[in-house]
A.B. asks: 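One structure coming up, written as structure tokens, with questions to follow.
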Amino acid sequence: MAITYSEAIDIIHNEAAQHRRIFQLASETVPLSRAVNRITRDRHCSSERTPRWDTSAMDGFAVSSTTIQTASREAPVVCRIKETIAAGDVGVTVTAGDDQPVCAEIMTGARFPAISRGEPFNCCVPREDTVVLDNAAGSEERVVHILKPARANQHRRLAGEDFQPGDTIIEAHTVIKPNHIMALASIPCTSVDVLKQPRIAVFSTGSELLTPSCDVDPNYQLVADTNGPYISTALDRLGCEVDFLGIIPDNAAVAADKISYHLMQQRYDMVITTGAVSAGKFDFIPKALEYLGAQVLFHKVAMRPGHPVLFAKFIPERGMRQQPSPTPFFGLPGNPIAAAACLHFLVRPYLRTLLLQDPEEPLLAVVETDPNEDQYQSINEYNNHKVIASFKPDKDIFYPGTRLQISHRSVSVQIVRDYSSAKIRPFLRADCWVHIPRGKESLYAGDQVHVYPMR
Ligand SMILES: Nc1nc2c(c(=O)[nH]1)N[C@H]1C(S)=C(S)[C@@H](COP(=O)(O)OP(=O)(O)OC[C@H]3O[C@@H](n4cnc5c(N)ncnc54)[C@H](O)[C@@H]3O)O[C@H]1N2
Ligand code: MOO
């Protein structure tokens with residue numbers, strides 16, 4: 001008897017919550033270059049102001065805006081160039097002259113110079129608004145004709161206008177994205193303490209699956225393994241350390257042996273298989289779990305696709321080297337889109353709870369008809385709203401969809417056409433999942449639904 005999707009989620013949260021302390025305590029320090037997609041253990045704040053000094057935003061000349069306020073093409077203000085300052089140079093003080101205004105040639109990002117006396121340098125005139133004259137014969141000093149006035153602080157980046165000491169760069173327990181890496185590097189930080197990465201063993205099952213090395217006998221209808229690569233790469237993108245451990249043939253004892261070998265090694269925090277969980281003669285996963293003494297937490301969930309999914313835990317044998325905690329096991333269904341849906345809506349919630357993340361927040365979207373699909377447009381009209389799909393209200397449904405338009409207020413979505421849990425072509429067009437909760441019998445154009453982007 002299948003349990004409901006929300007019952008399944010409760011069981012999953014409950015199990016994952018029992019293990020999350022291990023992940024929190026077993027954090028590690030990684031260089032910034034390997035931190036993307038990992039989860040911070042602590043909040044990171046800037047300890048410095050950035051930029052550390054006032055710097056120039058343009059290549060040009062640091063001057064006092066007062067000195068050049070009358071500058072024009074017809075009557076340029078002529079300044080002596082006393083210094084040339086590159087980004088990264090130490091701070092300099094320009095000696096003021098008695099007869100003629102002075103300035104410093106300054107590059108983008110270079111620190112603004114001080115001046116020994118008089119009006120401070122408070123702006124940069126871009127090189128394009130000046131004419132530099134060659135050295136006069138026998139003179140070391142160059143001069144520049146400033147052709148335009150400038151406001152105070154023009155092209156000048158003030159110290160601390162980016163980060164101030166104490167500004168939060170990233171909160172604790174947050175997934176590190178490339179923009180965090182940029183900000184962390186700027187403060188500067190070279191390594192981060194992150195939560196332990198879940199290590200996951202993935203197997204495909206089925207004697208019909210092609211292995212990369214096998215010779216194809218034309219008498220057999222062999223199937224390419226799509227779940228192994230999909231599940232492994234999707235988990236990798238979620239920040240897990242994944243080992244794809246190959247294909248298990250249709251044999252419960254072989255499966256039990258393979259899984260038990262890895263459980264004994266205590267290398268993995270989770271085991272995932274795809275296939276062999278429904279009602280067929282060769283659906284051996286439940287039998288293999290029995291051999292291994294696993295505790296089945298649920299088998300079959302009222303969801304589509306993914307109905308035959310199985311969740312269990314391996315209880316460690318007494319007397320193992322270190323007494324580990326139970327290892328969770330997900331037996332995802334073999335149909336590729338069912339495996340993908342179960343990964344998103346069952347395995348991911350487990351991992352989020354484990355890694356101290358809140359449940360994924362869906363987007364709210366309006367369902368639209370697909371103008372190329374006339375099948376539903378002629379039938380089932382109700383209040384002028386076209387019926388997009390009808391279903392038995394006894395399960396949660398997850399359709400692959402395509403997001404059409406995002407404005408600041410709404411997203412609209414189309415269900416992909418020709419959907420089937422065994423067909424890969426419609427899934428190729430999808431960029432999100434649409435969740436239709438249990439209890440709904442028809443989906444009308446204009447209905448609001450929850451949408452989960454595929455990443
Ligand atoms: N009598 C019943 N039959 C089926 C039921 C049911 O409740 N009663 N459930 C159906 C549903 S829903 C699904 S989903 C599938 C899932 O079955 P299994 O998890 O047992 O998967 P298999 O039978 O091993 O394979 C199903 C299908 O998927 C292909 N497959 C399997 N693994 C892979 C892979 N790694 N890459 C690509 N394709 C794979 C396999 O060749 C089969 O075609 O069961 C329904 N049947
Ligand atoms: O999980 Mo099955 O679709 O519902 O193929």
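Atoms within a ligand are numbered from 1 in the order they appear, just like the ligands themselves. Heavy atoms only: backbone and side chains are in, while hydrogens, waters and symmetry mates are out. Just so it is clear, the structure is predicted and the values come from calculations on it, not from any experiment. Just so you know, residue 1 is the first one in the sequence shown, and it goes up from there.
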A.B. asks: So, Arg156 and Asp54, do they make that salt bridge, N to O below 4.0 Å?
C.D. replies: yes
A.B. asks: Using a 4.0 Å heavy-atom cut-off, which part of Ser278 comes near ligand 1: side chain, backbone, both, or neither?
C.D. replies: both
A.B. asks: Just say parallel, tilted or perpendicular for the rings of Phe427 and Trp433, cut-offs at 30° and 60°.
C.D. replies: tilted
A.B. asks: Would you indicate which of Ser421, Ala339, Ala422, Cys342 comes nearest to atom 2 (Mo) of ligand 2 when only heavy atoms are counted?
C.D. replies: Ser421
A.B. asks: Students should be able to answer this: which protein heavy-atom is nearest to atom 35 (N) of ligand 1, and at what distance?
C.D. replies: Asp225 OD1, 2.7 Å
A.B. asks: Classify the ring geometry between His19 and Tyr350 as parallel (under 30°), tilted (30 to 60°) or perpendicular (over 60°).
C.D. replies: tilted
A.B. asks: Among Asn335, Val223, Ile231, which one puts a heavy atom closest to atom 43 (O) of ligand 1?
C.D. replies: Asn335
A.B. asks: Which one of Arg267, His262, Arg199 satisfies the side-chain hydrogen bond (donor to acceptor under 3.5 Å, both in side chains) criterion with Asp243?
C.D. replies: Arg267
A.B. asks: Counting heavy atoms only, name the option from Gly206, Gly280, Gly334 that's nearest to atom 19 (O) of ligand 1.
C.D. replies: Gly334
A.B. asks: Considering only heavy atoms, does Ile247 approach ligand 1 within less than 4.0 Å through its side chain, its backbone, both, or neither?
C.D. replies: neither
A.B. asks: Any N or O on Ala276 sitting closer than 3.5 Å to an N or O of ligand 1?
C.D. replies: yes
A.B. asks: Tell me the nearest of Gly306, Pro308, Gly334, Pro333 to atom 1 (O) of ligand 2, using heavy-atom distances.
C.D. replies: Gly306
A.B. asks: Check Ala224 against ligand 1 and report side chain, backbone, both or neither, counting heavy atoms closer than 4.0 Å.
C.D. replies: backbone
A.B. asks: To which protein heavy atom is atom 42 (C) of ligand 1 closest, and what is the distance rounded to 0.1 Å?
C.D. replies: Glu208 OE2, 4.2 Å
A.B. asks: Using a 3.5 Å cut-off on N or O atoms only, is Arg304 in polar contact with ligand 2?
C.D. replies: no
A.B. asks: Taking 4.0 Å as the limit for heavy-atom contacts, which would you say applies to Val277 with ligand 1: side chain only, backbone only, both, or neither?
C.D. replies: both
A.B. asks: Any idea which part of Arg304 is under 4.0 Å from ligand 1, heavy-atom wise: side chain, backbone, both or neither?
C.D. replies: neither
A.B. asks: Could an N or O of ligand 2 be found under 3.5 Å from any N or O of Pro305, whether backbone or side chain?
C.D. replies: no
A.B. asks: Any idea which part of Pro333 is under 4.0 Å from ligand 1, heavy-atom wise: side chain, backbone, both or neither?
C.D. replies: both
